[in-house]
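Keep in mind that the numbers below use all heavy atoms, side chains included, and drop hydrogens, waters and symmetry copies.
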Amino acid sequence: TCIWLLVLDSGCKSWCELQEARLRLPILAEEQVIMEAVRENECVVLCGETGSGKTTQVPQFLYEAGYASSGGIIGVTEPRRVAAISMSHRVATEMNLPSGVVSYQIRYEGNVTENTKIKFMTDGVLLKEIQKDFLLQKYRVVIIDEAHERSVYTDILIGLLSRIVPLRNKKGLPMKLIIMSATLRVEDFTENKRLFRTPPPVIKVEARQFAVTVHFNKRTPVDNYTGEAFRKICKIHRMLPPGGILVFLTGQAEVHSVCRRLRKAFPYRPHREHTEDLKKAKRAKKKKNMSLPRINLDSYSALPADEGDEDRQAGIDDDYNEGSDLELELGDHPDKEKADPSIPLYVLPLYSLLAPELQAKVFHPPPAGARLCVIATNVAETSLTIPGVKYVVDCGRVKKRFYDRVTGVSSFKVTWISQASANQRAGRAGRTEPGHCYRLYSSAVFGDFSLFSEAEITRRPVDDLVLQMKDLNIEKVVNFPFPTPPSSEALISAEQLLISLGALEEPPRHGRLTCLARLSCPITPLGRAMAAFPVAPRYAKMLALGRQQGCMPYIITIVAAMTVREIFEDYDRPAGSEEENTKMAGKKARSVQMRRLWAGQGQSVQLGDLMVLLGAVGACEFAGCTHQFCEENGLRYKAMLEIRRLRGQLTNAVNAVCSDAGVYVDNQMAPPTESQVLCLRQIVLAGLGDHIARRVQAEELLDPKWRNGYKTPLLDDPVFIHPSSALHKTLPEFVVYQEIMETTKMYMRGVCAVQAEWIPKLLPQYCHFSAPEESPAPWFCPLSGRVKCHQQSTFYRVSWKLPAIEMDYPEGLEHYKLFAKFFLEGQVTFMSYSRCLLSSPSTMLKTWAKLQPRTEALLTALVSENVNNRTSLEAAWKKDERCKLVLCSRVTFIILHNISVSCFKKKNKEKKK
DNA sequence: GAGCACTGC
């Protein structure tokens, strides 16, 4: 983050320069129109592409117009942390105000003061603030920036603010909402009657972007778009004038393989080495030219450099490429891809998981004489802006995560992008001068793209959002004014999960449940506590249970590590060179070894991948969480820093929810003891109850594809423990998993072994219990004062037989009869009445007991006062001390309490009436 | 015995 900021801010050299740049922004001409619209409307939608300056200028207009005087402040939300920070710096500089006045707030940090007038923050921060103060009384204006990106939080914020703004106006504390979008796709906001009854005005602002000429391919490669990208880059580099090239591909592996090919084709060596190479290459070229037939790439430069007619070129392209393509795809034939060091290309990979110091390279100018070429994934579309890009090569695809709504299985698929996305990518070529965008697909294919990408909220589970909303006392989540609502299946399964976790009250079982009733469950106190933890509900449940046996610090660490993605460095990606290959092999071996070490021994092995996480974080923190430690042990430094900050935040949250928890972040944390590991596994099971899998049984093993497979309640096909898992060879009978990812097979990730007998105990909501066992017979537990029994159960849907376990006797008349028996035997009060009894206590259980008025009288009394355990008996007694000893008919049981008395009293009263 | 885009609390 810091590196990016330095780079982002390096553009702001002097205030004068800034002011000059500022004056050129087209939005300045629109100030009056905008401010008038804001004055006259509660909500205004502002459309302006990147480069219009809306993010930096609109807050200043509002400030000048007095919206931040008299106490109120101007809030601006951004979908990314870097944007919140850099925008606050930028605006502070432009306005010549200190950071205490123009400030930012992100998840872990901020510089907000009492004097803050303009506050930039991430969208999640404002959502959390609504939890504390629903009316957001601090704010006079809220600006939702980048609303077109449709992140889940901006969508929810817009829904909430559509209600908050009128409420504020009614209260006489007027507030304004400004929604800013880079595209004109705003109908979801403006034409949505549930959101705004009167559509808010839409103001369009021109952008100061340079023209980008778009070139389509004549043909659209079906599979080999990386090969096509490679050829296109080569061509651009050979033929077109200077200017950076930005290439959009879909994943790390593609990025690295194209990088490798380009580096081979246009080797770049820094400094002297390079000039040496150049000379050598020139000599070699001369020789080769004499011995080899001239099918040369150089012939291309005969074409006009500004050639834009792709269709015409494509013909030549195809002829030429068909031959060479084969060679290129046959892999590493060093001789076939002829190196041309005379025109060096400075090739850099760029993707989100790349180490920040390597990412930062793209922001620096390329070495003299070399052209910059960045091979990127989607990060370059919105998150990072690379300076000096004149050419964009767009493969037209994106890798997206998909969730199966029924089974919850995740997978990654490469799909076509939307037209909006393609235009956004093209726009990256026109930041500093006119540019060109080469689309590796035909205009017809482009025409078939959807206009816009789907809103994120429709593409992912919403359990966390539903919990947040319930915590805001929005019970009927279906009625929430979503700009685009999630599917009802998604809402129902979210509600179901939250009920199972105990975060929502279970709806009454009797009668047919309407869809609405199932979606209107109120939040429980546990749910409130869970909503206070900024993690997924399953993990929040673990935190809520974490206090036993001193497990809280461990649970916090495990939850933090599970929340942060990819804590281990990936050494399986294609290497850039042979030496890098051997280097990576060595690192990988070390990483595998360390993971085995962190998995521990004895009990802790059963905690599986979660123990590996715990061990890794523990070891890393013990070593001071240094870059070097991470590097040497295969950990992603950025991930470890995020875990460290998240541990801090979760620790604070736990202490806030439970003031006597007294947890603190200990970077010298000792490994958990054997009994703590047992406890941790049970806590994890309680949180991941719907993520259980059972090893396929020998008798079920009919199909060889089930070998080493696991069965889950929701899937017909087997799932497997991922080969990188600590439990891959152990294959425990029962496991819980973090997620199922479908690749070549369905793999469970984040696996932890659990014991069968814990399941009915900790997850009764998922079990069907059979009648209490007859042997051993039900008994009275003197410690808890309750009637206990053994009960067998099966796991829901799959009917796995679970071992019989000790349970509270199930509700019903039988429970009262048993309690009466134990009571008469003197087990409940430790006093024996047997010598005063006419019948044996076991009479209570006889089928003919009803025929005896005395047994019936006792039973009725117990039932009417709900007494079937010691606690409720004592409570009933307390109600009326005088009647502790009562002889209930002369020759029957002695009944020692007011249960029967109050019962008789009631009856007498009724008789009198 | 493997192959994961991108974010926010």
Side-chain angles (χ1 to χ4, degrees), chain A residues 77-84 105-110 121-132 144-146 149-157 248-257 350-354 376-384 395 397-402 410-415 417 421 453 456-457 459-460 464-465 467-468 471 530-537 539-540 560 563-568 570-574 588 592 636 642 645-646 649-650 652-653 707-708 720-725 728-729 739-749:
Chain A
T77 72
E78 295 291 334
R80 278 167 291 279
R81 293 178 195 162
V82 228
Q105 179 68 51
I106 61 167
R107 183 167 191 160
Y108 305 110
E109 61 179 66
M121 66 202 121
T122 37
D123 41 20
V125 167
L126 188 63
L127 194 57
K128 277 279 158 189
E129 285 187 20
I130 294 181
Q131 277 185 323
K132 291 186 196 108
I144 307 287
D145 198 13
E146 313 279 12
E149 286 187 23
R150 304 298 305 276
S151 85
V152 282
Y153 289 155
T154 50
D155 269 20
I156 302 268
L157 277 175
F248 286 99
L249 295 177
T250 70
Q252 279 186 49
E254 283 174 15
V255 165
H256 282 291
S257 93
L350 181 68
Y351 47 88
S352 169
L353 288 177
L354 191 69
T377 62
N378 230 17
V379 259
E381 190 179 308
T382 48
S383 305
L384 298 174
C395 77
R397 289 148 171 104
V398 68
K399 191 178 279 175
K400 271 189 182 169
R401 189 180 184 135
F402 286 79
S410 303
S411 57
F412 281 91
K413 288 187 184 105
V414 173
T415 65
I417 57 175
S421 210
S453 316
E456 188 196 358
I457 201 166
R459 307 194 63 255
R460 76 165 183 75
D464 52 343
L465 304 176
L467 181 60
Q468 294 304 315
D471 189 48
M530 285 165 59
F533 302 132
V535 289
Y539 303 158
T563 299
V564 172
R565 70 166 184 157
E566 300 303 328
I567 86 161
F568 298 108
D570 173 25
Y571 296 120
D572 283 330
R573 61 169 176 78
K588 192 188 165 182
V592 168
R636 271 184 59 235
E642 182 79 11
R645 299 206 281 182
L646 187 50
Q649 193 191 28
L650 295 179
N652 290 339
R707 223 176 82 85
N708 296 336
F720 298 86
I721 295 183
H722 195 272
S724 66
S725 168
H728 178 236
K729 294 231 167 75
E739 61 172 358
I740 297 178
M741 183 67 77
E742 186 174 11
T743 52
T744 50
K745 281 180 180 175
M746 286 201 261
Y747 284 110
M748 295 182 277
R749 303 196 16 153

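- The base of dC9(B) sits with one of its N or O atoms less than 3.5 Å from a complementary donor or acceptor on the side chain of Y153(A).
- Proximity of H728(A) to the phosphate of dA2(B): no side-chain N or O atom is located under 4.0 Å from OP1 or OP2.
- Not one side-chain nitrogen or oxygen of R397(A) sits closer than 4.0 Å to the OP1 or OP2 atom of dA5(B).
- Within the structure, a side-chain polar atom (N or O) of S383(A) is placed less than 4.0 Å from OP1 or OP2 of dT7(B).
- As judged by a 4.0 angstrom heavy-atom cut-off over every strand, Q468(A) is placed among residues making no nucleic acid contact.
- Residue T744(A) places at least one side-chain N or O under 4.0 Å from the OP1 or OP2 atom of dG3(B).
- Between S724(A) and dG1(B) there is no side-chain N or O to OP1 or OP2 distance below 4.0 Å.
- The OH atom of Y571(A) sits 17 Å away from the C1' atom of dG3(B) (whole-angstrom rounding).
- As rounded to whole Å, 12 Å separates atom C1' of dC9(B) from atom CD1 of I156(A).
- For the residue pair T250(A)/R397(A), the side-chain donor-acceptor check at 3.5 Å is not satisfied.
- When heavy atoms are screened at a 4.0 angstrom cut-off, V152(A) is found touching base atoms of the nucleic acid.
- One interatomic measurement links the two molecules: CG of D464(A) to C1' of dT7(B), which rounds to 13 Å at whole-angstrom precision.
- Between T377(A) and the phosphate of dC6(B), there is a side-chain N or O to OP1/OP2 separation shorter than 4.0 Å.
- In this structure, K745(A) places its NZ atom 8 Å from C1' of dG1(B), rounding to the nearest Å.
- When the C1' atom of dA5(B) is taken as reference, atom CD of E566(A) falls 11 Å away, rounded to whole Å.
- Looking at residues two or more places apart in sequence or on another chain, you find a side chain to side chain donor-acceptor pair (under 3.5 Å) between K588(A) and D572(A).
- Straight-line distance from the CD1 atom of I457(A) to the P atom of dT7(B): 20 Å, rounded to whole Å.
- The F412(A) side chain lies nearest to dA5(B) when the options are dA2(B), dA5(B), dC9(B).
- Contact annotation for N378(A): no contact, since no heavy-atom pair falls under 4.0 Å across all strands.
- One atom, CZ of F248(A), and another, C1' of dC6(B), lie 13 Å apart when rounded to the nearest Å.
- Residues Y747(A) and H728(A) have side chains that never bring a donor and an acceptor to within less than 3.5 angstrom of each other.
- The side-chain heavy atoms of K413(A) and E742(A), taken from C-beta on, include no pair separated by under 4.5 Å.
- In the set dG1(B), dT7(B), dG3(B), the nucleotide with an atom closest to the side chain of R80(A) is dT7(B).
- Evaluation of the side chain to side chain donor-acceptor pair (under 3.5 Å) rule for R636(A) yields no partner, not counting sequence neighbours.
- Listed candidates were dC9(B), dG8(B), dC6(B). Nearest to the side chain of R565(A) is dC6(B).
- Note on R460(A): a base of the nucleic acid sits closer than 4.0 angstrom, heavy atoms only.
- With hydrogens and angles ignored, a donor-acceptor pair under 3.5 angstrom links the side chain of K588(A) to the base of dA2(B).
- For the pair T743(A) and dG3(B), the criterion of a side-chain N or O lying under 4.0 Å from OP1 or OP2 is met.
- Put simply, the side chain of R81(A) reaches to within 4.5 Å of the side chain of Y108(A), judged on heavy atoms.
- Nucleic acid contact class of E149(A) (heavy atoms, under 4.0 Å, all strands): none.
- Nearest-nucleotide positions on DNA chain B place A253(A) closer to the 5' end than the other of A253(A) and P534(A).
- Listed nucleotides: dT7(B), dG8(B), dG1(B). Nearest to the side chain of T122(A): dG8(B).
- Comment: K399(A) does not engage E254(A) in a salt bridge, judged by the lack of any side-chain N to carboxylate O separation of less than 4.0 angstrom.
- OP1 and OP2 of dT7(B) both lie 4.0 Å or more from every side-chain N or O belonging to R401(A).
- In the set dG8(B), dA2(B), dC6(B), the nucleotide with an atom closest to the side chain of S352(A) is dC6(B).
- Using a 3.5 Å distance cut-off with no hydrogens or angles, the side chains of E381(A) and S421(A) do pair a donor with an acceptor.
- Distance, M746(A) CE to dG3(B) P: 13 Å, rounded to whole Å.
- Using a 4.0 Å heavy-atom distance criterion, K729(A) is classed as making no nucleic acid contact.
- Between dA2(B), dG1(B), dC9(B), one nucleotide has an atom nearer to the side chain of R107(A) than all others, and that is dC9(B).
- The shortest distance between the side-chain N/O atoms of T382(A) and the OP1/OP2 oxygens of dC6(B) is not below 4.0 Å.
- At the heavy-atom level, V398(A) lies nowhere under 4.0 Å from the strands shown.
- Using a 4.0 Å heavy-atom cutoff across all strands shown, Y351(A) reaches sugar-phosphate atoms only and no base atom.
- Between L350(A) and Q649(A), the residue anchored nearer the 5' end of DNA chain B, judged by the nucleotide with its closest heavy atom, is L350(A).
- Using a 4.0 Å heavy-atom criterion, one finds that S151(A) contacts no nucleic acid atom at all.
- An OP1 or OP2 oxygen of dA5(B) is reached within less than 4.0 angstrom by a side-chain nitrogen or oxygen of K399(A).
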